[in-house]
Every structure is written in structure tokens, then in C-alpha cells.
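Values in this document were obtained by computation on a predicted structure and should not be read as measured data.
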Amino acid sequence: MGVVVIDAEVTLADVLSLRLSIAEPLADGTRLVLRQRGTGEERRVTLGASGGRTRDAGVAVSLAPLGLGPGRWDTYLEQDGVRARIESADPGFSLDRLDAYALGRRTLAYRAYRTRNGFLALKIDPAEPVADVRAVWFREGRFEVTGLLAYTGLDDDDQHRRATLALRHSDSGHGDPGRGDQDHSDPRHGDLRHGEQGLDDPAATVRFAATVQGVRFHAALSLCDVLAATPDSQGSWEPYLEVDGVDGALPLGARLDDVEGKRRRIHYPHALVDGVPIRPSFTPGDELLLEVGA
């Protein structure tokens, strides 16, 4: 069909906006087809004609009414009974756009991207509030982390909000932010404290002060304190951010960028504290861990 996407974006209103370079005008009745990988489920949207002389065309499709489920959806154009995948020259990644998109409260996050073979596709993920990690490092005996509060609905302004970084100890490295210890320490200073232990929550929790301004966060904690709280100097700590005005604890993850499988792809250097290695890493679900004795 001679159709190439030169710009693709999912807008803040969850509208798929495409700018197409076309060799021939789109005929009346041309359809955009979205096909889910794995299931073969399809959605079809009829497009208007592009006019007789134009060499480009704009397409805007509201995604929410289509009932698309999580997963990856390949895109096709269907015209006069012929269906072809849509080629794309747009890499489909802009961190500024993704940051702006993540400011709203959402249940699903839509993203347009270019596949490895150069075709347009949609990636759809469940969206829930998360503290998206942008940088981690060791400095002067401390572990520091910065990032962005995503899908919370908070404004990107200069307002300071009371916040605490909570670390929950786990031997398995897979935690649940909704089941952690509910004891709250004074976040005006770093406070090392074990949470109450029960049948449903055998893990210890330690808390440190954190800084939140608008939707940007920063937290720093003493590695010596973490080591002192780690049973037998072995195990993992799962960090969560507790922010005034946000319901529930926010896991620290790295999901807004286009790097998946961070546990395999991203490897941080370790710090030695009294001869014990401490290293940041990620879970298979791209959530941050602090591993002691690893």
C-alpha cells in the first residue's frame, strides 16, 4: 500500500495519533486493524478518505472505547480487501512524552512503538501508581535513589509532600506493598525501625526520610543501618515510597522506559560494608531491590 508512519503518539486522552506518508490516497472505507499477539483478537476502525492529491494523512483513533486488553497489538491497514502491516519510521520513544502521559491516573497505559522489524505496534500495560526509578547510586556510605511518581494524579509543581522510604526485608525478593508493616516513623529524620511481625507479615521493615517535590522524589539511606537490620547479613530489601496524599505504598520500579527485563540487562556495582556486598538490582517485574550478601 505504500504507507509509512512518520510520527506516532498516544495522547494524554488515550488517542492514537498517526501521521502517515502515503504513496496513494487512502480510499473511503479503509480500516485500521489492531490484532493482539497470542490471541488473534482483533479490533477494526473505519477511517475516512485522505483526499485525491495528498501525500500524507493524519489518523486519530480513540483507544479506550475499543476495549483493548493488556498485551501487544500489531497494526494493519485494510483497503479493498487487502491487508498489510503498517510500517513505521518513528522509534516511538520520547521520555518527555512518557513523563507527561504518566502524570494522570490510569488503569491502562497505552504506548505506540516501532517493532524490531520496523512495524507499528501498541503496547498496553495495567497502570497503577508507582515510584518510577531514574537513577540509583552509592555515595559516602549511602544508597540514593531518584525518580518520578507515575500514575498518581499529583501535579508536577513545586509543592513539597511528606514522604518516607520504607524497605521491607524478604528472603525471596518478591514483596507486596499492600501487606507491609503499617507502623509510621517520624520522616523528619532517618529512622531505623523493625515492623511488627505477624502470620501474614513476617518481614521486618525499616524507614528513612524521603523528599518529594511535585512528582519528583529523592531518598538516601545509610548502608550501615541496612546491614545492621539484615538478619545474618543475607537477604533482600524491597523499597516502597509512602507519600502524603497518595493511597497505599508505591513500589520503586522502572517501567516507563523501553528497557524490559532489567534484571538481566542492568547490573550495578556493589558496595562493601564490613566486608558484606550490597547491590541494587531488579526483580523479574522490573521493581527495584537492595540485595545484601548477594
Side-chain angles (χ1 to χ4, degrees), residues 130-147 163-212 217-243 248-255 257 259-294:
V130 64
D132 195 71
V133 173
R134 294 298 163 82
V136 299
W137 66 92
F138 291 128
R139 179 167 57 188
E140 298 176 351
R142 297 177 300 173
F143 170 73
E144 298 190 42
V145 58
T146 61
T164 303
L165 179 69
L167 276 73
R168 183 169 178 264
H169 184 264
S170 171
D171 291 329
S172 65
H174 300 280
D176 181 351
R179 296 172 55 134
D181 161 49
Q182 298 300 311
D183 173 64
H184 291 273
S185 59
D186 186 348
R188 291 173 296 179
H189 54 80
D191 187 6
L192 180 69
R193 184 172 300 187
H194 288 281
E196 296 180 0
Q197 298 188 3
L199 293 177
D200 293 332
D201 184 20
T205 301
V206 295
R207 286 182 166 82
F208 299 86
T211 300
V212 170
F217 72 88
H218 171 266
L221 53 91
S222 165
L223 293 176
C224 290
D225 287 345
V226 171
L227 178 61
T230 306
D232 301 320
S233 300
Q234 187 77 33
S236 299
W237 292 92
E238 305 151 359
Y240 304 99
L241 201 63
E242 300 167 338
V243 182
L250 305 179
L252 268 67
R255 301 171 183 165
D257 61 24
V259 180
E260 298 181 346
K262 291 180 175 65
R263 187 166 183 84
R264 301 187 312 273
R265 297 172 182 265
I266 298 178
H267 302 281
Y268 294 106
H270 68 265
L272 283 176
V273 181
D274 293 337
V276 178
I278 302 178
R279 183 194 309 272
S281 66
F282 288 95
T283 70
D286 290 339
E287 292 185 1
L288 190 65
L289 284 177
L290 199 58
E291 297 183 308
V292 179

Enquirer: So which atom in R142 and which in A220 form the shortest heavy-atom distance, rounded to 0.1 Å?
Expert: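 Scanning both residues, the minimum pair turns out to be NH1-CB, 4.3 Å.
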Enquirer: If every non-hydrogen atom of D286 is compared with every non-hydrogen atom of R263, which pair is closest and at what distance?
Expert: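 D286 and R263 have their closest heavy atoms at OD1-N, 4.5 Å.
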Enquirer: Checking side-chain contact (heavy atoms from CB on, under 4.5 Å) for the pair F217/L250: CA distance, chi angles, key distance, verdict?
Expert: CA-CA 12 Å; F217 72 88; L250 305 179; over 6 Å; no
Enquirer: Looking at V276 and G293, what are the two nearest heavy atoms and their distance?
Expert: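 Looks like CG1-N, 3.8 Å.
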Enquirer: For R207 and L165: C-alpha separation, side-chain torsions, deciding distance, then whether side-chain contact (heavy atoms from CB on, under 4.5 Å) applies.
Expert: CA-CA 6 Å; R207 286 182 166 82; L165 179 69; over 6 Å; no
Enquirer: If you define the side chain from C-beta out and look only at heavy atoms, does anything of L252 sit under 4.5 Å from V145?
Expert: yes
Enquirer: Is the backbone N or O of A166 less than 3.5 Å from a side-chain atom of T164, with the two atoms forming a donor-acceptor pair by type?
Expert: no
Enquirer: State, to 0.1 Å, how close S236 and E291 come at their nearest heavy-atom pair, and which atoms those are.
Expert: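 Answer, listing the atom of S236 first, then E291: OG-CG, 3.7 Å.
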Enquirer: As a quick check of understanding, evaluate side-chain contact (heavy atoms from CB on, under 4.5 Å) for L241 and V212, giving each step before the final call.
Expert: CA-CA 10 Å; L241 201 63; V212 170; 4.3 Å; yes
Enquirer: To the nearest 0.5 Å, what is the distance between CZ (F138) and CG (L223)?
Expert: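 So the gap between those two atoms works out to 5.5 Å.
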Enquirer: Below 4.5 Å, heavy atoms only, C-beta onward: do K262 and D257 meet side chain to side chain?
Expert: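 A side-chain contact under 4.5 Å exists here.
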Enquirer: Please report the shortest heavy-atom distance between V226 and F208, naming the atom on each side.
Expert: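 The answer is CG2-CZ, 4.4 Å.
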Enquirer: What's the shortest heavy-atom distance between P239 and L288, and which atoms?
Expert: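 The answer is CD-O, 3.1 Å.
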Enquirer: Please determine, by modelled atom types, if Y240 and E242 share a side-chain donor-acceptor pair under 3.5 angstrom.
Expert: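 Side-chain D/A pair, Y240 to E242: absent.
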Enquirer: Pairs under 3.5 angstrom only: tabulate donor-acceptor contacts from the side chains of residues 264-273 to other protein residues two or more places apart or in another chain.
Expert:
{"unit_1": "R265", "atom_1": "NE", "unit_2": "E260", "atom_2": "O", "d": "2.7"}
{"unit_1": "H267", "atom_1": "NE2", "unit_2": "R264", "atom_2": "O", "d": "2.8"}
{"unit_1": "H270", "atom_1": "ND1", "unit_2": "R279", "atom_2": "NH2", "d": "3.3"}

Enquirer: So do the side chains of F143 and L290 get within less than 4.5 Å of each other, counting heavy atoms only?
Expert: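 Of all side-chain heavy-atom pairs linking L290 with F143, at least one is under 4.5 Å.
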